[in-house]
Amino acid sequence: MQLERTDMGGYSLLENASLATRNTLRVPARARLLAELRDAAKLPELLNFPAVRQSPLLVLGEGSNLLLAGDFDGTVIAMETRGVQVEQDGETARIAVAAGERWDDFVRWSLGQGYAGLENLILIPGTVGAAPIQNIGAYGTEVAEFVESVEAWDTREHRVATLDRAACAFAYRDSLFKREPGRYVVTAVRFALPRTHALRLDYAGIREELARMGADKPAPFHVAEAVVHLRTRKLPDPAVIGNAGSFFKNPIVEAAQVEALRQQHPQLVAWPGADGRSKLSAAWLIEAAGLKGLREGDAGISNRHALVLVNHGRASGAELWALAQQVIATVQARFGVQLEPEPLVVGAR
Ligand code: EPU
């Protein structure tokens, strides 16, 4: 049973709340307490409630990078703060954005204002506050390079913290916020966006798409349009079928292991990194293991993209997590490579 929503001014509270419409895998999980936060200044007050202080905390943006493997026996904070503020304009603009803004809305707004940089990151689901946590990336760009600082509530020190780019310790789909889970609640992100910059066109498919569009002198908005075409063709739309984008990270392995694997599998897809190690295509590994399109009940691996776990309808979080573990075990047995989930997995037994 869902109780009444209580308006506390700046946030609302609901007990035993359904999260079914708050996660893009559409898992029917519930939270003991749900707080919808509209004013970040109220966060300390909310976190100070005994019921909140004494139980686990989960901060939710759009729930697009999350697998709720069970109910959440704690407090979920739904970030619903809004606001975009240009603090300084010029060749490079400093723009502060509230954590609850939709990422794709912000990207489109920034391109509309003539700021460059975020064009390759268009159409990524989720909120602005979630973007630095896993350092979202696509088509050869990561958000980290455009983040000037992140504002967060530090639940350990009980104060507002401003972390500059270096302090955020960004890496591939990783940051300080992921490595110290539960410590920081991101409330705003400050971006530094240039008016002009060298476009990133090298990722497979971009130049071909631009040529198809007839854009021989591409501007950022052309690149954005090319990325929209590529993503729409390749990735299942969460509005149509429940999914959380790439469910597995591309594993980073030693050069010697890549060579050994390539001996046996000449088609292996790998990208060499600067440190001598290589990133393997997890999608290739999963497809080569024969798992693309796999379905157990309503839990499945997309038949469009092997990295994407999908909910065909009524799969529970536990069923989706069981299927993900089956994929991890099969790829490990077949290639000796350990896959890791990219989304946050909560409530797994
Ligand atoms: N491939 C397959 N089977 C498939 C799909 C892809 O074998 O079903 C192989 C192909 O050889 C392809 C290669 O995998 O060339 C790479 O595929 P893709 O370009 O789709 O990229 P990805 O490595 O699978 C990553 C990100 C995506 C991002 C794309 C484009 C991760 C975990 N995923 O996917 O990010 O959009 O590159 O830049 O890093 C996300 O993080 O949620 C996400 C969607």
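As the structure lists them, so they are numbered: ligands from 1, and atoms in each ligand from 1. Everything quoted here is computed from the prediction, not taken from an experiment.
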_For Glu119, is there an ion pair with Arg108 - N to carboxylate O distance below 4.0 angstrom?_
no
*Can you find an N/O atom of Lys292 closer than 3.5 Å to an N/O atom of ligand 1?*
yes
*Which one holds for Trp271 and ligand 1: side chain close, backbone close, both close, or neither close, with close meaning a heavy atom under 4.0 Å?*
side chain
*Anything under 30° is parallel, anything over 60° is perpendicular, the rest tilted; go ahead and classify Tyr11 against Phe49.*
perpendicular
*Hey, does Glu342 come in under 3.5 Å of ligand 1, counting only N/O atoms on both sides?*
yes
*Starting from atom 7 (O) of ligand 1, which protein heavy atom do you reach first, and at what distance in Å?*
Trp284 CA, 3.2 Å
*Looking at Phe177 versus Tyr184, is the centre-to-centre ring distance below 6.0 Å?*
yes
*Of all the non-hydrogen atoms in the protein, which one sits nearest to atom 1 (N) of ligand 1, and at what distance?*
Ala283 CB, 3.6 Å
*Is Asp154 salt-bridged to Arg156, going by a charged N under 4.0 Å from an acidic O?*
no
*Looking only at distance, does Gly140 have an N or O less than 3.5 Å from an N or O of ligand 1?*
no
*Which of parallel (below 30°), tilted (30 to 60°) and perpendicular (above 60°) describes Phe335 and His265?*
perpendicular
*Test log, rule side chain to side chain contact (heavy atoms under 4.5 Å, CB included), inputs Thr196 and Glu91*: CA-CA 8 Å; Thr196 54; Glu91 263 317 285; 4.1 Å; yes
*Run the salt-bridge test on Arg173 and Glu342 with the 4.0 Å N-O cut-off and return the result as yes or no.*
yes
_Protein heavy atom at shortest distance from atom 23 (O) of ligand 1_ = Asn250 ND2, 2.9 Å
*Which protein heavy atom lies closest to atom 34 (O) of ligand 1, and at what distance to 0.1 Å?*
Leu307 CD1, 3.9 Å
*What is the nearest protein non-hydrogen atom to atom 38 (O) of ligand 1, stated with its residue, atom name and distance?*
Tyr139 N, 2.5 Å
_Tell me whether Arg38 is salt-bridged to Asp7, with the criterion being a basic N under 4.0 Å from an acidic carboxylate O._
yes
*Do we see a donor-acceptor contact under 3.5 Å between the side chains of Arg53 and Asn48?*
yes
_Could you check whether atom 18 (P) of ligand 1 has a protein contact, counting only heavy atoms that fall below 4.0 angstrom?_
yes
*Ion pair check, Asp202 and Arg207, cut-off under 4.0 Å*: yes
_Top protein contact for atom 11 (O) of ligand 1, by heavy-atom distance_ = Val269 CG2, 3.5 Å
_Given Pro251, Ser246, Ser281, identify the one with the heavy atom nearest to atom 27 (C) of ligand 1._
Ser246
*Is Phe248 near ligand 1, meaning one of its heavy atoms is under 4.0 Å from it?*
yes
*asked:* Quick test: of every protein heavy atom, which one is nearest to atom 39 (O) of ligand 1, and how far off is it to 0.1 Å?
replied: Tyr172 OH, 2.8 Å
*If you count the atoms of ligand 1 from 1 in the order shown, which ones are under 4.0 Å from a heavy atom of Ala306?*
4 (C), 8 (O)
*Please state whether Arg173 comes within less than 4.0 angstrom of ligand 1, counting heavy atoms only.*
yes
*asked:* Check this for me, if you would: do Lys234 and Glu209 make a salt bridge, where the nitrogen-to-carboxylate-oxygen distance has to be below 4.0 angstrom?
replied: no
*Starting from atom 37 (O) of ligand 1, which protein heavy atom do you reach first, and at what distance in Å?*
Tyr203 OH, 3.3 Å
*Residue-ligand contact Arg231/ligand 1, heavy atom below 4.0 Å*: yes
*Should the ring pair Trp103 and Phe106 be called parallel, tilted or perpendicular, given that the plane angle runs from 0 to 90° and is split at 30 and 60?*
perpendicular
*Short list, please: which atoms of ligand 1 are under 4.0 Å from a heavy atom of Glu287?*
2 (C), 3 (N), 4 (C), 7 (O), 8 (O)
